[in-house]
Structure formats: C-alpha cells, structure tokens
Amino acid sequence: MDKWILIDGNSIANRAFYAMPPLTNSAGLHTNAVFGFTTMLLKLLEDEKPTHVLVAFDAGKVVFRHEGYTEYKGGRAKTPSELSEQFPVMKDLLKAFGISQFELSGYEADDIIGTLTRLADEQKVETLVVTGDKDMLQLASDNVTIAITRKGISEVEHYSPAAIEEKYGLKPMQIIDLKGLMGDASDNIPGIPGVGEKTALKMLHEFGTVEEVLANTDSLKGKMKEKVETHKDDAIMSKKLATIFREVPLEHSAEDIRYEGYQPATLADAFRKLEFKSLIERLDLNGAGAEGGESAAPAVELNIVVIESDNDGEALKDMLSALQGTEHGLYVEAIGENPHQAEVLGLAAAVGDKAYVVPVSVLQQPFAAELRKWLEDADKPKNGFDTHKTELALGWRGIEWRGVAFDVQLAAYLLDPTDTNLTLNALCDRYGQSSVPHDEAVYGKGAKFKVPDNETLYRHLSVKADAVRKLTVLMRADLEKRGMNELYYELEQPLSVVLAGMERQGIKVEKAELERLGSELESKLSAAVSEIYRLAEMEFNIGSPKQLGEVLFEKLGLPAQKKTKTGYSTDAEVLEKLAPYHEIVPLILHYRTLSKLQSTYIEGLLKEVRPETGKIHTYYRQTIAATGRLSSQFPNLQNIPIRLEEGRQIRKAFVPSEPGWYILAADYSQIELRVLAHISGDERLKEAFIHDMDIHTKTAMDVFGVSADQVDSNMRRSAKAVNFGIVYGISDFGLSQNLNITRKEAAKFIEQYFEVFQGVRKYMDDIVMQARRDGFVTTLLERRRYLPDIKASNFNLRSFAERTAMNTPIQGTAADIIKLAMVRMDETLRERGLKSRMLLQVHDELVFEVPEEELELMKELVPSTMAGALKLDVPLKADVNYGVNWYEAK
DNA sequence: TGGCTCACG
DNA sequence: ACGTACGTGAGCCAT
C-alpha cells in the first residue's frame, strides 16, 4: 500500500523559523529553520513510513491570484533575510535526503499540493498533507488527512473530514466559505469586517455557503445585515482567493515523488556541514560519510584507564591522587527510573584528558576500599550529574556518597527550570560541547534494553564523566553570572542531601489497614456497579469514558455538555450538572471516587510497600517543577486524599516506624497569600496578616464593604475563590467557571478586589511589564523562570505567559521558603541530637515521626523553624498537629 | 502512547 | 475574537 506525504515547504519553514531559538553554524549561517524543518521531517518519516514524499515551494513573484486583486498577501511583512538565506540550504538538504521538491512559476505550494491530492483522490492513495496553514483543510477527504502544526512544529494535529466536522461543524469544502466570510489577515484576504470565526461559523451552520449567506441577508439583524450587504463583493472575492487551485499543469507523475530512503554518507556530510551534531547522533551516522567517525569523538581524545582487578592497585592510586582537586567530573551510571531500585553499572572519573572507569563489581571489592573511603568522605569535593539519584542508588548498595560540590543536572535546572530534557546529551548540545551519545543509542530502549560490551560501556561512561567535568566549569560561571550562587550552594545543593535522607528513611505503612479499607471499598464498589447496571439496563465498562458517554448521552438521552477530542466529556464537572436528570449520575460519581481510591491508593500503595521493612520510599524530584516546587514519584505521596472523608481514611495507614512514636504534621497557613502581601507590599493585605485575620473573611469584608458579622458563607466562598484566582493569575473567565457565575459578574468581583487591594493590582501590572522587559521573572531567592511567550502574538500563548508571570514568583517563593525550612530543620535535628525524623514534604506541609519524649519540644520547634525560615514584611505562620497516624495528625 | 480523569497543594 | 484559572503524578482505556 502506498502512502504519500505532501509538505507545504514555505509554511513549515516559516513555522520552524519562528518556533526555534536562533541557531547558526560556525560560518555564521542561520540554521534554525532548517533544523526545525529537518526534525519534523525525520519524525514524519519515522512515524508515517511513507512510500512517496514531496516538498512543495512557492515560486516566482506573480501568483495567479494577483490577477484581479493586487493586495493579495500585501500586508505581509517581508521575509527576514535570516530566513530567506535558509531556503537554498533547505533545498540542498532535501536533495541529500533524496526527497523530491516541486515549485512552479506563478503557483503557490498550496496549489501544487492541491493538484496532487486531486490525483490521490482519483487513485485512492492514503495521503498526509503537512502544513501550518488551516486553509489547507479544504483538501481533506476520505483519502487525504491534513496535519496542522501546533505549538511550534514538533507537534501536529491530524484533521480528517470527521475531525473538521467535529471541530468546526463544517465539511472540508466549507473552509473556503469560512475564509470568505472571516477573511485572513495574514494573507490580506479581507472577508467581511466585523465577522470573526464565531459569527462566520454561526452563519455557515445556518446557510452552508457564502452565496447562501448573501442570498439570505434578510434574516440577519441590524448592523450585521448592513455590513454583510456592503461587503458582498469582498466576501465573494475572499472566497475565491482562499480556494486552492487543483489543476496545476505538473509535468510529473506520482513515480517522481517516490521516496527510497536516504544514503547515510550523503546525509551525514550534509549534517556535518550544518553542524547538526545531535541529528548525526540520533540517526547514528557517526561512521558515515567523508569524515568517518571522527567528528563525534571528543575534541581531545580521552585516555581511558579501566580499573578491572586487584592488579590495578597502581592505577587506582593514580586515580585518587588525580581526584584531589575540584577540576574533575564524576559519573555514576544507575539504570532504572526509580533510584531506590536502580542498578549501578559503574563509575567514571575524568581529570584532564584522562578518564578512569571502575565497574561496580570492582567498586565493591576489598582492594577498592580506598576509593570507597574517598567517596564517603564529605570533605572530598565531587562534581557529578544527578547526584541525588546517585546517592540513593549507591546508598542501597552500602556505599554512602558524600561531599557533592557541584551537580550539573541540578545547576541546569536552576538555569532553566522549564527544561524537560536534562540529559547529559542535551546539555552538551546546549553548551556547545562535543556530543555525548544518546543513552538510547548505547543501551537501546524498552524491551530491547541491553548493556553493551565492556569497551563500549566504559567509553560511554568516560565520555559522560568528561562532559560533567567540562559542564561544571561552564555552569558554575553561569550561576554566578545570574546571581544564583546562594540559591544553588546554600539551598538546593544541601536540600538534595536532605531529601535523599528522607527518602531512604521512608514512611511506615500498615498493609493490614490498607487491606481492610480495600475490602470495604470492594463491597461498596460491587454494590455501586450492580446498581449502575440496573439503572442503565445493561452492563458496560463504567471506567471507559467512551462507553459511559454512549450510555449517558445516547441510551439514556442525557444532554451532552462539552466534548473532548475523542467524544463526549464525562468529567466530574459535567456529571455534577447532569445529576438532577437521572439517578444513575450520582452513582457514577460515587463509583469514580471509589475506584480511584481502590486502584491508585489501595492497590497502588500496597505495591510500593517494601516487604522487608513495611515502608514506602518515595522519590522527590528536585528538577521537574517549573516553579521550584518538588514533585514526588514511585509513589506520589504528595497527593494522598484528604478532602473527602472516604479517601482521608487512607491516611490511617501511615504510621510511625517505631512503637510508641507519633506522626507530627505542620503546615504553613496561607503561605502564598502572605508571600503576595510581602512582594506586592499591599498595605491592606499586610495589615490583615499582621493581625492574623481570617484572610478570606477579611477579603469578603473589604470587597463587599461589609462588617465581619455580615459576611455569610457564600460571600466568604466567593472571596476565597478570588484569592485563589489572584494567586493563579486571575482571569474573569477562570473565576466565573470556578464560582459558576457569569463572566461579567466575575469581572466585577475582580475589579472590586483590585479597587481595595491596589498594591496587588500594581504588582500584577508590574510583574508582567518586568517579564516583558527581562524575559523572565524571579522569586525572592532569585530562582528564575523564563517566559519566552510573554511577547507572543498568539493571544493564548501570551495570556498563559502573563498568568505564569503573576503566579511563579508567588508559588516559587513559597517553594523557596519551605525548602529553607527543610534544610534548617535537618540541621537542627542533627545539632541537637534529636531522634525525630523528617519524612515527607507536601508543598506547604512537613511530616515527621517523633518519639514521645520529644513531642513537646517538636510541637514548638517545627512550627517556629518553619515560620522563621525567611523574614518577610508579614509574619509567617505554621500550625502543628500530631497523632498515632497521619490521619490523626489533623 | 496519548487522552481522559482525578488525587493533592 | 481569541479560550483559560497555577503546579504536579498515576491508573485506565483505546489505538
């Protein structure tokens, strides 16, 4: 079966150019559009496995559409030279790929593609059109799917005729009617002024085509009628301009676009010229082409010494003396996502042009005692990568890794906390270092994972250690430059050690208690299931949103609320609204609650309890959250139920690990709003916290202008929602959703809030301006988050960035504060020789286990340490509770 | 593997 | 006119 891919070259190149950060090769040639284009192409080839591929380009100045309308595409800014210089490069690269490209004087890429899709329809060949231009949706058919780029270029959304129907309620051909009515500013297609997408869709749903709309203007009202009638001709012309011409005189046949695959050598040479090192790695082209494998090798050839047996005592001595200074890099390879269970393969150390490798089997032998002593010596500084994981992986094998001086991964996170690819390979690319091979290329992935032969493995570890050595120097300087030394060395680095301690300590969980709750749930579940089947008069999988949707909206005929990509939405919000219509609905909500508890919290947690100790050991990730918060995995202990009593019972299973001890939990009171009071300097808000008032009640008093005893529960609830909204970066829509009120009412609340809390309004305005000016926002401890979308022309992207600008300093500063408290608390417990142990962190809460004799002390010490972690213009406050389990500590 | 749903702060 | 509240992780279903 043939499969064609037709790519709109100009459109994709444009998208790539604006989506990618600037990038040049050493000759100064801009390459970002080429790079983006290429990554997208590779993904397409891999995902779609086409038999035929064509890239079409616009050609010539005079496009036939100009005849009769000279302003077509007139308003468009001139293509910047940084992009136009990349077109010839792109065309050469396509040649190297062996991919055909068409352009034809006087026609646009759209028309060429339109013509080929006509052939595809005639021959019934499965075809994918790839473009950034929604106009192309008009080409969709049973054979032809349109892939539209979104979010840059890495992702595409596929549109079949059914998908278009679902999203717009239109047939593919009606897309040109849509454009005819609403126009397209980017192509200078006028449409009818004042008609946007919403209005246009409404008209088309009623009348079907531009012509029918124009013939029925009588049924329109007032201004709209007038506008449509005065711009009849514009609409007709716009429709014509938006119509893709599908009869281009091509002198080619389908055979001309057959794709046979690329020649590795040719492609390797082309990539090398462009300095696309990561792509060479990705396609494993190192051995290919003119330069053979040399280019991927480190600039200076590493001299690798493998320490394999006790005959290598001398080499080991060399290694240890070389490691005395701080100019080194260490890398410990620990395989597996969960560090508590990771398998350690070995350790490599790079100093100068030398690398020493110690396989794990050797590391554990008697003659390596000196090395182990060095690793365990807190006074011997070590530079590593993901040392948090290393500490856990080695720790479970009896080696206490201490004395981390610098961690390249942690530093990279602070330098850009939104970076989701914190691998050595990616960091080397970003910092212009010679590339480290992808782990996937060395080990394979998934079921194909395999440790390679020793030579390959040792080389890989050496190259990584060498990369750590080089990146350490660069990143230390970067942290310094950004004023982040204190954040790194005084907070995050020490915290990493504190976290590892908590994780290894673990928290004791009573399996029997979970099992007891589990069997209660089981009987409630089976009762709910049979009742649901009875009311539905059929059996189906309640856990399948698809089947549930069919039952609710088709069989039972309940009114569908909103839709998702794949069908009816059945989330809790929808079901709440449906509850009055049918008694099955509350049962389904109940079923959802129960099955969530059963699968995630009973079965899920039971699987994580270590049989030897009865404990659960979570793993806090310190390099994930963009705001600086921690996250918790394997299992997540930061989302144990509390809001509903049924789920809260789960907490009864979390108990102290020593008999007679207690669980003590302390949480910050309103930390985010206190932080907001501090950074905004708003006098009223500060005043409220200085007097330790109930903040939601106080907000209600001020916003509604009433006295404390006049605030009813509804007013307080609204005020609470407004306070939440303020922290999140408020929008009238968001608030209206949350409170189930109209947008207008929500907007009024917000306006009233800002009238009263003018300092907060000023903060919100200032922080957005600051983000626009600097490109980033910071927390009190100089944690930084970049907001590249703050200047985006796309409303959505920009609005999102603005809300993030408002929220991140607040959420991030709160994260800074509790992290400080954790480091202090750990020190204090140690210094005072206390037995109490810090076990968990849940964003604004710390959980300890405490022996009876320390209870009185800890009840005072924990909240005072938390409150004193950072001095603000308002007091910080923490409440403390304790009990025989986590449930009782409330 | 991605989408949906839902648990937490 | 645009379509949203901020930040996470896990289980299950459908593909």
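By convention in this document, chain letters (A, B, ...) are assigned in the order of the sequence lines, proteins followed by strands, and residues within each chain are numbered from 1.
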Using a 4.0 Å heavy-atom cut-off, does [X] contact any base of the nucleic acid, only the sugar-phosphate backbone, or nothing at all?
| X | value |
| --- | --- |
| A:Val727 | nothing |
| A:Ala626 | sugar-phosphate |
| A:Thr570 | sugar-phosphate |
| A:Asp571 | sugar-phosphate |

* Give, ordered by number, those residues of residues 560-567 of chain A having at least one heavy-atom distance below 4.0 Å to an atom of DNA chain B; if nothing qualifies, reply none. =>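 Within residues 560-567 of chain A, the residues near DNA chain B are A:Thr564, A:Lys565, A:Thr566.
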Under the salt bridge (charged side-chain N to carboxylate O under 4.0 Å, His left out) test, residues paired with [X] that sit two or more places apart:
| X | answer |
| --- | --- |
| A:Glu554 | none |
| A:Asp765 | none |
| A:Glu608 | none |
| A:Arg629 | A:Glu672 |

Output all residues satisfying ring pair (Phe, Tyr, Trp, His ring centres under 6.0 Å) with [X], sequence neighbours left out; order by chain, then residue number.
| X | value |
| --- | --- |
| A:Phe654 | A:Trp886 |
| A:Tyr601 | none |
| A:His231 | none |

* Under the criteria of a ring-centre distance below 5.5 Å and an interplanar angle below 30°, is A:Phe795 stacked with the base of C:dC2? ->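 So no, this residue does not stack on that base, at least one cut-off failing.
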Same-atom distance ([atom1]) from [N] to [M], integer angstrom:
| N | M | atom1 | answer |
| --- | --- | --- | --- |
| C:dC2 | B:dA7 | C1' | 32 Å |
| C:dT4 | B:dG3 | P | 15 Å |
| B:dC6 | C:dG3 | P | 25 Å |

* Measure distances between side-chain N and O atoms of A:Arg592 and base N and O atoms of B:dT5, and say whether any donor-acceptor pair falls under 3.5 Å. =>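 It does not, because no donor-acceptor pair links the side chain of A:Arg592 to the base of B:dT5 below 3.5 Å.
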* **Any donor-acceptor N/O pair under 3.5 Å between B:dC8 base and A:Gln638 side chain** =>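 Such a pair does not exist between side chain and base.
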* **Point-to-point distance, once rounded to the nearest 0.5 Å, from OG1 of A:Thr199 to CE of A:Met203** =>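 Reported value, rounded in 0.5 Å steps: 6.0 Å.
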* To do: Quick one, give me the B/S/- string for nucleotides 9-15 of chain C, reading 5' to 3', where B means a protein heavy atom under 4.0 Å from the base and S means that only happens at the primed atoms, P, OP1 or OP2.
  => BSSSSS-
* Would you please name every residue forming a side-chain hydrogen bond (donor to acceptor under 3.5 Å, both in side chains) with A:Lys389, sequence neighbours left out? =>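 Partners of A:Lys389 under the side-chain hydrogen bond (donor to acceptor under 3.5 Å, both in side chains) test: none.
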* Asked: Step by step, would you call A:His678 with A:Phe689 a ring pair (Phe, Tyr, Trp, His ring centres under 6.0 Å)?
  -> CA-CA 10 Å; A:His678 174 88; A:Phe689 285 121; over 10 Å; no
Give the table of side-chain donor-acceptor pairs shorter than 3.5 Å for residues 728-739 of chain A, with sequence neighbours excluded, one pair per line with atom names and distance.
{"from": "A:Ser731", "atom 1": "OG", "to": "A:Gly734", "atom 2": "N", "distance (Å)": "3.0"}
{"from": "A:Ser736", "atom 1": "OG", "to": "A:Asp732", "atom 2": "O", "distance (Å)": "3.4"}
{"from": "A:Ser736", "atom 1": "OG", "to": "A:Phe733", "atom 2": "O", "distance (Å)": "2.6"}

* When the nearest nucleotide of DNA chain C is assigned to A:Ile726 and to A:Arg798 on a heavy-atom basis, which residue is associated with the more 5' position? ->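 Its nearest nucleotide lies further toward 5', so the answer is A:Arg798.
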* For DNA chain C, what dot-bracket results from Watson-Crick or G-U pairs at under 3.5 Å, with [ ] for crossers and | for inter-strand partners? -> .....|||||||||.
